[in-house]
Asks: 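The structure follows.
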Amino acid sequence: MRLENKVALITGAGSGIGRETAVLFASEGAKIVAVDINDAAGEETVQMIADAGGEAIYVHADVSKETDAANMVRVAEETYGKLNVMFNNAGISHAQDDDAINTTVDVWDLTMAINVKGVFLGCKYGIPALRRAGGGSIINTASFVAVLGAATPQLAYTASKGAVLSMTRELATIHARENIRVNALCPGPLHTELLMKFLNTEEKRQRRLVHVPMGRFGEAKEMAKATLFLASDDSSFTTGATFMADGGITAAYVTPE
Ligand code: NAD
């Protein structure tokens, strides 16, 4: 078991990457603090873990709200006595996110509040808890669009993920000597609700797949496995990494036929 005696807080644990990671971490021995704004979905994740014999609690928190972020960490420490792993994963890709001309200021602000401020607040309250535990691992979910421009415009999202990536590097540098590692998971396009809602026509989906050497969307389960590596001691010399799990999309200039 790779996370025995560890306590992991996972935001966006009600769906997609967050849920799969919560279930996998629990099966590897971690106690899970599952955070979401969708209470039914978050509770369902906890039930899935309990059904498999694991341990988890659900905490309602909007990661963009400071009081909620402080509270989720407080509940984690109060319930399980410590916090070892912080997975700042909650994020949105707004259906009206577009190019600079067509993206409204409201869509921009909402995206930044959840995707960027949410990660900042997770670190603001998570890092002191990891210090109290003698160190730990933070994983922030960025995206391949943090390093590549997408032809299907989603300007606010792309900018938000760039911010997550640069924030991750600086946090990794600042806290490296405190036994706190900070890495960015950069998923490629995934077969999840979030992306399928955004790429809402077959044409848009095929347009995206043209760029993926593996020729398919990734699965949330595959991101959970990458996150497990970053959370566990298997990655003990890895910090500040731009960890691509993207089917080769960022490696390719021309993809195979
Ligand atoms: P998802 O929509 O399946 O799950 C996201 C979860 O976050 C949901 O349960 C939602 O309720 C929760 N959430 C939304 N806003 C929240 C808030 N303010 N506070 C707390 N929880 C909130 O998405 P996913 O595909 O699993 O994506 C997870 C992360 O991965 C996101 O940061 C996303 O940007 C990133 N990502 C996804 C893809 C992809 O193709 N799906 C690719 C690259 C990166």
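Every value quoted in this text rests on a predicted model; they were computed, and no experiment measured them. Basis for what follows: all heavy atoms, side chains included, without hydrogens, waters or symmetry-related copies. When a ligand or atom number is given, it counts from 1 through the structure's own listing order. Residue numbers run from 1 in the order of the sequence given.
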Asks: Nearest non-hydrogen contact with atom 20 (C) of ligand 1 belongs to which option: A34, A224, A61?
Replies: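 Result: the heavy atom closest to atom 20 (C) of ligand 1 is in A61.
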Asks: Restricting to non-hydrogen atoms, name the atom on F229 and the atom on S235 that form the minimum distance, rounded to 0.1 Å.
Replies: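 Shortest heavy-atom contact: O-OG, 2.7 Å.
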Asks: For ligand 1, which part of T192 has a heavy atom less than 4.0 Å away: the side chain, the backbone, both, or neither?
Replies: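 Under 4.0 Å from ligand 1, T192 contributes side-chain atoms alone.
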Asks: Quick one: does S166's side chain have a donor or acceptor within less than 3.5 Å of a partner on A163's backbone?
Replies: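 Checking the backbone N and O of A163 against the side chain of S166, a donor-acceptor pair under 3.5 Å is found.
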Asks: T238 vs R181, test: side-chain hydrogen bond (donor to acceptor under 3.5 Å, both in side chains). Steps then yes/no.
Replies: CA-CA 7 Å; T238 303; R181 299 182 297 106; 5.4 Å; no
Asks: Assess whether a salt bridge exists between E77 and K82, defined as any Lys/Arg side-chain N lying under 4.0 Å from an Asp/Glu carboxylate O.
Replies: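 Here E77 does not pair with K82 in a salt bridge, since their nearest N and O are not under 4.0 Å apart.
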Asks: Looking at atom 37 (C) of ligand 1, what's its closest protein heavy atom, distance included?
Replies: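 Minimum-distance protein heavy atom for atom 37 (C) of ligand 1 reads Y157 OH, 3.9 Å.
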Asks: By number and element, which atoms of ligand 1 are closer than 4.0 Å to a non-hydrogen atom of S143?
Replies: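 Result: 43 (C), 44 (C).
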Asks: For ligand 1, which part of S15 has a heavy atom less than 4.0 Å away: the side chain, the backbone, both, or neither?
Replies: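 Both parts.
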Asks: Does ligand 1 have an atom under 4.0 Å from some heavy atom of G218?
Replies: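 Contact check G218 vs ligand 1: negative.
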Asks: Do T11 side-chain atoms and A90 backbone N/O form a donor-acceptor pair below 3.5 Å?
Replies: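 Checked: pair present.
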Asks: Going by side-chain contact (heavy atoms from CB on, under 4.5 Å), S64 matches just one of I92, I114, V116. Which one?
Replies: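 Among the candidates, only I114 passes.
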Asks: Counting from 1, what ligand 1 atoms have a heavy atom of P189 closer than 4.0 Å?
Replies: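 Ligand 1 atoms under the 4.0 Å threshold to P189: 40 (O).
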Asks: Considering only protein heavy atoms, which is closest to atom 35 (C) of ligand 1, and at what distance to one decimal place?
Replies: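 Of every protein heavy atom, T141 CG2, 3.5 Å lies nearest to atom 35 (C) of ligand 1.
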Asks: Only heavy atoms count here, so choose which of I10, L190, T11 is nearest to atom 38 (C) of ligand 1.
Replies: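 Going through I10, L190, T11 one by one, L190 has the nearest heavy atom to atom 38 (C) of ligand 1.
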Asks: So which protein heavy atom does atom 19 (N) of ligand 1 come closest to, and at what separation?
Replies: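 I find the closest protein heavy atom is V63 N, 3.1 Å.
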Asks: Here's a test for you: under side-chain hydrogen bond (donor to acceptor under 3.5 Å, both in side chains), which of R208, K204, E202, E203 qualifies with Q206?
Replies: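 Among R208, K204, E202, E203, the one meeting side-chain hydrogen bond (donor to acceptor under 3.5 Å, both in side chains) with Q206 is E202.
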Asks: So for atom CD, which belongs to E178, do other residues, nucleotides or ligands contribute more than 12 heavy atoms lying within a distance under 6.0 Å?
Replies: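 Count over threshold, so yes.
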Asks: Got the closest protein heavy atom to atom 23 (O) of ligand 1, with its distance?
Replies: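 Among all protein heavy atoms, the one nearest atom 23 (O) of ligand 1 is L194 CD1, 3.4 Å.
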Asks: Can you pull out the closest protein heavy atom to atom 7 (O) of ligand 1? Residue, atom name and distance to 0.1 Å, please.
Replies: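 Protein heavy atom with the smallest distance to atom 7 (O) of ligand 1: G12 CA, 3.3 Å.
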Asks: Residue-level breakdown please: for R19 versus ligand 1, do any non-hydrogen atoms fall below 4.0 Å on the side chain, on the backbone, on both, or on neither?
Replies: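 Contact part for R19 vs ligand 1: neither.
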Asks: Donor-acceptor check, side chain of R19 to backbone of A41, threshold 3.5 angstrom: yes or no?
Replies: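 Checking the backbone N and O of A41 against the side chain of R19, a donor-acceptor pair under 3.5 Å is found.
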Asks: At under 4.0 Å between heavy atoms, which part of A13 makes contact with ligand 1: side chain, backbone, both or neither?
Replies: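 A13 to ligand 1: no contact under 4.0 Å from either part.
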Asks: Please compare I92, I17, D36, V35 and report which has the shortest non-hydrogen distance to atom 11 (O) of ligand 1.
Replies: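 Minimum heavy-atom distance to atom 11 (O) of ligand 1 goes to D36.
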Asks: Please work out which of D62, D39, T21 has its closest non-hydrogen atom nearest to atom 18 (N) of ligand 1.
Replies: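 Nearest heavy atom to atom 18 (N) of ligand 1 lies in D62.
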Asks: Starting from atom 5 (C) of ligand 1, locate the nearest protein heavy atom and write down its residue, its atom name and how far away it is, to 0.1 Å.
Replies: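 Going atom by atom, the protein heavy atom closest to atom 5 (C) of ligand 1 ends up being G91 O, 4.2 Å.
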Asks: What residue and heavy atom of the protein are closest to atom 15 (N) of ligand 1, and at what distance?
Replies: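 Result: I37 CD1, 3.6 Å.
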Asks: Inspect the surroundings of CG in D234 and state if more than 12 heavy atoms from other residues, nucleotides or ligands are less than 6.0 Å away.
Replies: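 Above 12, so yes.
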Asks: Select one of side chain, backbone, both or neither to describe which atoms of I114 lie under 4.0 Å from any atom of ligand 1, heavy atoms only.
Replies: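 It is the side chain that gets close, since no backbone atom is under 4.0 Å.
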Asks: How far is atom 31 (C) of ligand 1 from its nearest protein heavy atom, and which residue and atom is that?
Replies: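 Looking only at protein heavy atoms, the one closest to atom 31 (C) of ligand 1 is N89 O, 3.2 Å.
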Asks: Check ligand 1 against G14 and write out every atom of the ligand that is under 4.0 Å from a heavy-atom position of the residue.
Replies: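 This gives 9 (O) as the contact atoms.
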Asks: Just heavy atoms, cut-off under 4.0 Å: does C186 contact ligand 1 by side chain, backbone, both, or neither?
Replies: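 C186 to ligand 1: no contact under 4.0 Å from either part.
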Asks: Are the side chains of M86 and M72 in touch, meaning some heavy atoms are under 4.5 Å apart?
Replies: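 A side-chain contact under 4.5 Å exists here.
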Asks: Counting only N and O atoms by type, is there a donor-acceptor contact under 3.5 Å from the side chain of S137 to the main-chain atoms of V182?
Replies: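 Checked: no pair found.
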Asks: Can you find a non-hydrogen atom of K161 under 4.0 Å from ligand 1?
Replies: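 In this structure, K161 qualifies as a contact of ligand 1 - some heavy atom is under 4.0 Å.
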Asks: Need the ligand 1 atom indices (1-based, order shown) with element for anything under 4.0 Å from a heavy-atom of G16.
Replies: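 Every atom of ligand 1 under 4.0 Å from some heavy atom of G16: 3 (O), 26 (O).
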Asks: Within the supplied structure, the quantity of interest is the number of heavy atoms (other residues, nucleotides, ligands) at a distance under 6.0 Å from M214 CE; does it exceed 12?
Replies: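 Not more than 12 within 6.0 Å, no.
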Asks: Salt bridge between K6 and E28, side-chain N to carboxylate O under 4.0 Å?
Replies: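 The answer is no: the pair does not qualify as a salt bridge.
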